[in-house]
There are 2 protein chains.
Amino acid sequence: MHNGRVLTIGQFSQFTHLSVRTLRRYHDAGLLEPAQVDETSGYRYYTADQIPTAQVIHRLRELDVPIVDVRQILRSPDPAVRGELVADHLRRLEAQLDRTRAAVASLHRLLQPERAQLDVEVRHVPAVTVAAVEGEVGSDDVLDWYAGAMAELDAVVSSPAGSPGGLYDNSLFETGRGHLLVYRATENPPSVGRVHPVTLPPVDLAVATHVGEHDDIDVTYGELGAWVVNNALAVDGPVRETYLVGPRDTSTSTAWRTEIGWPVFNVTP
Amino acid sequence: MHNGRVLTIGQFSQFTHLSVRTLRRYHDAGLLEPAQVDETSGYRYYTADQIPTAQVIHRLRELDVPIVDVRQILRSPDPAVRGELVADHLRRLEAQLDRTRAAVASLHRLLQPERAQLDVEVRHVPAVTVAAVEGEVGSDDVLDWYAGAMAELDAVVSSPAGSPGGLYDNSLFETGRGHLLVYRATENPPSVGRVHPVTLPPVDLAVATHVGEHDDIDVTYGELGAWVVNNALAVDGPVRETYLVGPRDTSTSTAWRTEIGWPVFNVTP
DNA sequence: TTGGACCCTCTCCCAGGGGGAGGGTGCACA
DNA sequence: TGTGCACCCTCCCCCTGGGAGAGGGTCCAA
């Protein structure tokens, strides 16, 4: 170990606590270019002033920031922009943390030996013409799409009747994309922007009510599914959700009430 | 979609919000055996009472519990044991969260445009015979090994002199394993259990003090490394850490003081 | 000059998913 | 009773971000 101003990859590795392998990968990925690369031997040489950069990379990777995003952060010359990108990721981390908390809570509920029986009711829903917004949405974008569509509906529908609702294509969870429709019932549905009148077909629905946030709504889906299997023949067709009490109505998310309606026929009581 | 008691994988997928692909993988991995598998066609059939199990798996996977551990949890018949395994993972999650918090804090410090200059002092350390515990340790086990070794030292060394210290093989961060040595200086070092006298060779050390917990001690390592590169020729040899103020001395981890000593020679002032 | 530590590239492996090819099944409707 | 089509099967490759090792070149000090 013996030279003054320039470090071999092994020396640099000792100063940064990044493995030689990882440093090579970061070079290949364009994250951390060695200060100098010997053309004939391919040896990578680093300088001491690259150590802070390596450490920033180390921290970002510890926070599971994808390598491409790390590259973007490092390459933005403006520190303000860089700070904003980092802040973005920290917000993402927060959101992830919320989801983790919700999953822990849901897991506890699932593991409780005795759980309350789900009330399921079969209800005939006649055809109705509503103001709706439709779209093909990837499962990652559902929440954003939903918020935008509902805002547009609210802006256009002046005197809504009943609670807002949505129709969910079953393929959403399978292919990652699916047809979504959100609606508000109203007289004389307008046709403005994405909002247009849609006639929902009549169905028989097996309806259960999910209480609380939607993080563990799949549990209610599962319980409703079990009921449907044992009491009816399910039919293909989008699931209908109705937002009896949602974020627009209350600030306490434990008070949310969401009706889930699964299309069924031939109920065997 | 049409049968009463038994579900195809696609139907089960809709009720559990797990993709068909993932269900097949969980079958192969022994997580969720279908209630019935057609011998000739290989078709998987599930029943409604498998839905809760699928949901527990879903939650555990959301929490990044490895599939092998999920299998272990599901296969433990005793609910108390199962609860303990889950609690284990939640504790691991907490620890992970602490590390994330530390990384965020460290990142903020790293991104501050002006950072305090590190004080580095070159110090000659004469040879000294100490009571030591040595071992080859994998990098994942360092903390545990350290705690055990230090406890053993404390139990055996009755009148220690100065602060405890450690020697860290540089290969630790490279190969994932390395030689570790922790010591306490004392007169007439005893030889009991793993504790035995070791004579540490004399060295010149470039010494810097790291303040606070060790989550971001690599930053101080890096700054010290930069100093060493610019002011000395580093020599091979284990890094020496001295725990001036550590968890044994204070309950406020921001008050920790750790000296890092890098072996150097030929200092160029 | 030679030995040994160091460095290079290349290929394979891992988890835990996604995507698609190529082909067999089941069921409703004609 | 066919036939079409949605569904299911297995097998293989891809992704990220690492680790492991083979086979061979390079640097430097003794």
Side-chain angles (χ1 to χ4, degrees), chain A residues 1-4 6-14 17-32 34 36-46 57-58 60-71 138-140 170-171 173-177 233 235-237, chain B residues 1-4 6-14 17-32 34 36-46 57-58 60-71 138-140 170-177 233-237:
Chain A
M1 191 157 171
H2 184 270
N3 48 25
V6 136
L7 302 169
T8 66
I9 196 170
Q11 294 166 331
F12 195 70
S13 149
Q14 293 192 1
H17 291 181
L18 290 164
S19 78
V20 168
R21 254 175 228 300
T22 300
L23 286 172
R24 285 202 269 253
R25 223 190 325 271
Y26 289 172
H27 178 199
D28 293 343
L31 283 198
L32 187 63
Q36 185 185 328
V37 178
D38 187 305
E39 291 211 353
T40 61
S41 69
Y43 276 31
R44 295 167 179 84
Y45 295 102
Y46 296 83
I57 297 173
H58 197 170
L60 290 170
R61 290 294 308 130
E62 273 183 326
L63 297 173
D64 283 324
V65 176
I67 281 189
V68 282
D69 297 14
V70 175
R71 183 166 52 212
S139 50
D140 292 339
N170 281 321
S171 70
F173 296 96
E174 183 52 39
T175 64
R177 304 194 57 75
L233 302 179
V235 300
D236 236 347
Chain B
M1 192 157 170
H2 184 270
N3 47 25
V6 136
L7 302 169
T8 66
I9 196 169
Q11 294 166 333
F12 195 70
S13 148
Q14 292 191 1
H17 291 179
L18 290 163
S19 78
V20 168
R21 241 184 187 74
T22 300
L23 287 172
R24 286 202 269 253
R25 221 189 325 271
Y26 289 172
H27 178 197
D28 294 343
L31 283 197
L32 187 64
Q36 185 184 328
V37 178
D38 188 305
E39 291 212 353
T40 61
S41 70
Y43 276 32
R44 295 167 178 84
Y45 295 102
Y46 296 82
I57 297 173
H58 197 170
L60 290 171
R61 289 295 309 130
E62 273 183 325
L63 297 173
D64 283 324
V65 177
I67 283 189
V68 282
D69 297 13
V70 175
R71 183 166 52 213
S139 49
D140 292 340
N170 280 321
S171 70
L172 227 179
F173 296 94
E174 183 52 38
T175 63
R177 305 195 55 76
L233 302 180
V235 300
D236 236 346

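This is a predicted model, so every value here is computed, not measured. Every chain is numbered from 1 and lettered A, B, ... according to where its sequence line falls, protein lines coming before strand lines.
Rounded to a whole Å, the CG atom of L31(A) is 14 Å from the C1' atom of dG18(D). Between Y26(A) atom OH and dG19(D) atom P there is a gap of 9 Å when expressed in whole angstrom units. The CD atom of E39(A) sits 13 Å away from the P atom of dC27(D) (whole-angstrom rounding). The CD atom of Q36(A) sits 15 Å away from the C1' atom of dC7(C) (whole-angstrom rounding). Look at CD on E62(A): it is 15 Å from P on dG17(D), rounded to the nearest Å. Between the CG atom of L63(A) and the C1' atom of dG17(D) there is a distance of 15 Å, rounded to whole Å. We find that CD1 of I57(B) is positioned 13 Å from P of dG16(C), with the value rounded to whole Å.
Side-chain contact between I67(B) and Y26(B) is present, with heavy atoms from C-beta onward closer than 4.5 Å. Counting heavy atoms from C-beta outward, R61(A) and T22(A) have side chains that stay 4.5 Å or more apart. Annotation: side chain of I9(A) is not in contact with side chain of H27(A) (no heavy-atom distance under 4.5 Å).
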*asked:* For a quick check, with a 4.0 angstrom heavy-atom cut-off, what is the B/S/- contact string for nucleotides 6-15 of chain D, read 5' to 3'?
replied: -BSSB-----

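Under the rule for a side chain to side chain donor-acceptor pair (under 3.5 Å), the partners of D69(B) that lie at least two apart in sequence or sit in another chain are H89(B).
Residues T40(B) and R61(B) both approach DNA chain C. Their nearest nucleotides, taken by heavy-atom distance, put R61(B) toward the 5′ side. Remark on DNA chain D: of its neighbouring residues S19(A) and D38(A), the 5'-side contact belongs to S19(A), judged by nearest-heavy-atom nucleotide.
Separation of atoms OH (Y46(B)) and CG (L23(B)) is listed at 5.0 Å; rounding is to 0.5 Å.
Within the 4.0 Å cut-off from OP1 or OP2 of dG17(C), at least one side-chain nitrogen or oxygen of R25(B) is found.
In this structure a side-chain-to-backbone donor-acceptor pair under 3.5 Å is present from Q11(A) to T8(A).
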